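Keep in mind the model is a prediction, meaning the values are calculated, not measured.
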Amino acid sequence: VSVGVALESLLKYYRVERSQIAYLKFILEAYDGIAVLSTVDPGPGLVVLRIAPECEAEVETVLEDLRKEILIESTSGPPATALGDGTTAL
């Protein structure tokens with residue numbers, strides 16, 4: 001076990017057809033541990049993938065294949081919501 005090296009997941013946001021969010025989640029779960037999908041906003045189909053360290057290429061390959069079947073668009077992330085105190089929340 002390597003000590004002192006912190007490996008963090010890479011966060012990437014996508015827009016997916018709302019009806020296909022569960023399908024995408026199950027496909028990614030079949031690839032043990034490469035990524036975890038969470039729904040950010042189901043209305044527009046905004047999801048975030050937490051991609052395991054060193055698995056980005058494999059996730060991109062899976063997504064490219066799935067793009068032949070369903071809409072998967074990369075996005076910059078959730079829109080910031082302005083709060084009354086001048087700050088923003090994601």
> What distance separates Ile72 CD1 from Leu66 CG, expressed to the nearest 0.5 Å?
Replying inline: 5.0 Å
> Which of these, Val16, Ile21, Leu46, sits in a side chain to side chain contact (heavy atoms under 4.5 Å, CB included) with Thr39?
Replying inline: Ile21
> If you measure from CD on Glu56 to OG1 on Thr61, what distance do you get to the nearest 0.5 Å?
Replying inline: 10.5 Å
>> Would you say that Leu49 contacts Leu63 through its side chain, given a criterion of any heavy-atom pair below 4.5 Å between the two side chains?
In response: yes
> At their closest point, which heavy atom of Gly33 faces which heavy atom of Ala52, and how far apart are they?
Replying inline: O-CB, 3.2 Å
> How far apart are the closest heavy atoms of Arg50 and Ser38, and which atoms are they?
Replying inline: NH1-OG, 3.1 Å
> What is the minimum heavy-atom distance between Ala35 and Val59, and which atoms define it?
Replying inline: CB-CG2, 4.0 Å
>> Restricting to non-hydrogen atoms, name the atom on Lys12 and the atom on Ile51 that form the minimum distance, rounded to 0.1 Å.
In response: CD-CD1, 3.6 Å
>> Less than 4.5 Å apart, side chain to side chain, heavy atoms only: is that true for Gln20 and Leu71?
In response: no
>> For residues Ile27 and Val36: do they belong to one hydrophobic cluster (side chain heavy atoms under 4.5 Å, members Ile, Leu, Val, Met, Phe, Trp, Tyr)?
In response: no
> Are Leu11 and Val40 connected in a single hydrophobic cluster, I mean Ile/Leu/Val/Met/Phe/Trp/Tyr linked by side-chain heavy atoms less than 4.5 Å apart?
Replying inline: yes
> Would a distance-only check, ignoring hydrogens and angles, find a side-chain to backbone donor-acceptor pair under 3.5 Å from Glu73 to Arg15?
Replying inline: no
> Honestly curious: do Leu28 and Tyr23 fall in one hydrophobic cluster under the side-chain, below-4.5 Å linking rule?
Replying inline: yes
> Would Val48 end up clustered with Leu10 when hydrophobic side chains under 4.5 Å apart are linked, directly or stepwise?
Replying inline: no
